[in-house]
Amino acid sequence: MGIDISLTPEQQKIQQAAREFTAKYVIPNAGKYDRAGEFPEFLGPEAVKAGIYPPAVPKEYGGPGLDLLSQAIIAEEIGYGCGSFANILCGNMMSAKLVLLAGTEEQKKLYTKPLVEGGYAGFALTEPGSGSDAGSISTQARPDGDEYVLNGSKCFASFCGYATNIVVFASTSPGKGVKGLSAFIVEMEREGMTVASVEHKLGIRSSNSVELVLKNVRVPKDHLIGSEGEGFKYAMKALDTGRAAVGYVAVGVAQRALDEAVKYCKEYIDVNGQPLSAHQSIAFRLADMAIQVEAARQLARRVVRLQESGAPYTTESCMAKTFATDTAMRVCAESVTLLGPYGYSQDGVVEKLMRDIKIFQIFEGSNQIQRLVISRNLLAR
Ligand SMILES: Cc1cc2nc3c(=O)[nH]c(=O)nc-3n(C[C@H](O)[C@H](O)[C@H](O)COP(=O)(O)OP(=O)(O)OC[C@H]3O[C@@H](n4cnc5c(N)ncnc54)[C@H](O)[C@@H]3O)c2cc1C
């Protein structure tokens, strides 16, 4: 990847910092942590030193205070090195964005403090019987004097084994579906919070995913974010930005898969003594991959421009997430095919790119749910 001339000098500096960070800390470690299924705890503190973490936290709370395009560039650059590491550094911004959007000053300070020190946060919405259908959440929060008492369980909660604070969604009005959902800041060290198990996964294996059990977890009433019953609204707003971020990471992963394929097709000499890339059928496949990756990048960057202008961007965010992740899945699979056995071997990198990218089509709302939102908005016009 070259330097992008459409970026301002400050954004180019951030791109360079993220690229150097990726070359120094991400690429050399990604495979090792993936094979071990271990969480790379060093990542946050090193990224703070590099000035790229926590990307979404403004300067007034001790963060780097980056503009939206810089945040997108960081996600793409780290995604180029490893989808899993990018998910750790950028995906864990979603709950912080929610708190920054709807929280009080005190909540914002409480939530961002561990992040600016290189720590992690979590977003616990999904439950064994509830994900796409958030209205069926069974975790409940009951008021009791100056506190709420939370009971229930959550699954596939990313980074929560290493997070200091997380945002938990619970029903404060059972029977009211999404209108009864509320969002709470919960410190992981509170009594009754248990990491019940760690999920073993096909990809993003270094990105910790856990099952959480909440048993009579007491939080002060000032840990409720906004008002009771507003949790789903905040979750959807945070997901608008989260989906876009998934798209930026996917563009990085796809670019890497394309670059690996180009390199291999130029270097591999076939039985006729020619590089693979000398075959027009192969060169055209590379061209198609490049067209798709650039189209995904531009669709994702359009979301940034809409966000910056203050215009609504839910539909475009869903489009960018769907197109970028579907593209990345296709490009990674094509790269595996072009590299043949070297694509399939765990000694190479592209099999990991393909394993990692699959989840990006599923989480932060599966791509079927994105199509549901896009089509509803289209048909409501
Ligand atoms: C590695 C990983 C990390 C995750 N991290 C988090 C996290 O940090 N926090 C969190 O809260 N959640 C997290 N999740 C959960 C994830 O966001 C959900 O699993 C995902 O949104 C799918 O929802 P679901 O589990 O309810 O599946 P389902 O909705 O049951 O989906 C199953 C299938 O049905 C399809 N489907 C569902 N409804 C429709 C429909 N109406 N029309 C057409 N097709 C449909 C889906 O597209 C999918 O293919 C994570 C999951 C994984 C695997």
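Counting starts at 1 for both ligands and their atoms, following the listed order.
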Got an N/O contact under 3.5 Å between [X] and ligand 1?
X	value
Ser130	no
Ser366	yes
Leu372	no

| task | Kindly say whether Ser207 contributes a backbone atom to a donor-acceptor pair with the side chain of Lys201 at under 3.5 angstrom? | result | yes
| Donor-acceptor side-chain pairing of Lys321 and Asn367 below 3.5 angstrom | yes
| field | Intermediate values then yes/no, ring pair (Phe, Tyr, Trp, His ring centres under 6.0 Å), Tyr33 and Phe39 | value | CA-CA 7 Å; Tyr33 283 85; Phe39 186 78; 8.9 Å; no
Counting only heavy atoms on the protein side, is anything nearer than 4.0 Å to [atom]?
atom	value
atom 39 (C) of ligand 1	yes
atom 17 (O) of ligand 1	yes
atom 30 (O) of ligand 1	no
atom 33 (C) of ligand 1	no
atom 24 (P) of ligand 1	yes

| task | Using a 4.0 Å heavy-atom threshold (strictly under), name the region of Asn367 that reaches ligand 1: side chain, backbone, both or neither. | result | neither
Closest protein heavy atom to [atom], given as residue, atom name and distance to 0.1 Å:
atom	value
atom 20 (C) of ligand 1	Ile362 O, 3.5 Å
atom 3 (C) of ligand 1	Ser158 OG, 3.5 Å
atom 37 (C) of ligand 1	Ser132 OG, 4.0 Å

Nearest candidate to [atom], where distance is taken over non-hydrogen atoms, out of [options]:
atom	options	value
atom 15 (C) of ligand 1	Asn92, Thr126, Ile359	Thr126
atom 4 (C) of ligand 1	Phe156, Phe123, Phe159	Phe156
atom 49 (O) of ligand 1	Glu364, Lys154, Gln368	Gln368

| message | Salt bridge or not between Arg297 and Glu76? Use side-chain N to carboxylate O under 4.0 Å. | response | yes
| task | May I ask you to say whether Lys221 pairs ionically with Glu147, meaning some side-chain N is under 4.0 Å from a carboxylate O? | result | no
| Joint cluster assignment, Val350 & Ile27, ILVMFWY side-chain distance < 4.5 Å | no
| Are Ile52 and Tyr120 joined in one hydrophobic group, where the rule is that I, L, V, M, F, W and Y side chains link up if heavy atoms are under 4.5 Å apart? | yes
| remark: Within 4.0 Å of some non-hydrogen atom of Lys201, the atoms of ligand 1 are 1 (C)
| Which ligand 1 atoms, with their elements, are less than 4.0 angstrom from a heavy-atom of Ile369? | 38 (N), 39 (C)
Please name the pair of heavy atoms, one in [X] and one in [Y], separated by the smallest distance, quoted to 0.1 Å.
X	Y	answer
Ala320	Leu299	CB-O, 3.9 Å
Arg190	Pro220	NH2-CD, 3.4 Å
Ser130	Ile137	OG-CG1, 3.3 Å

| Atom CG of Asp356 and atom CZ of Arg256: how far apart are they, to the nearest 0.5 Å? | 10.5 Å
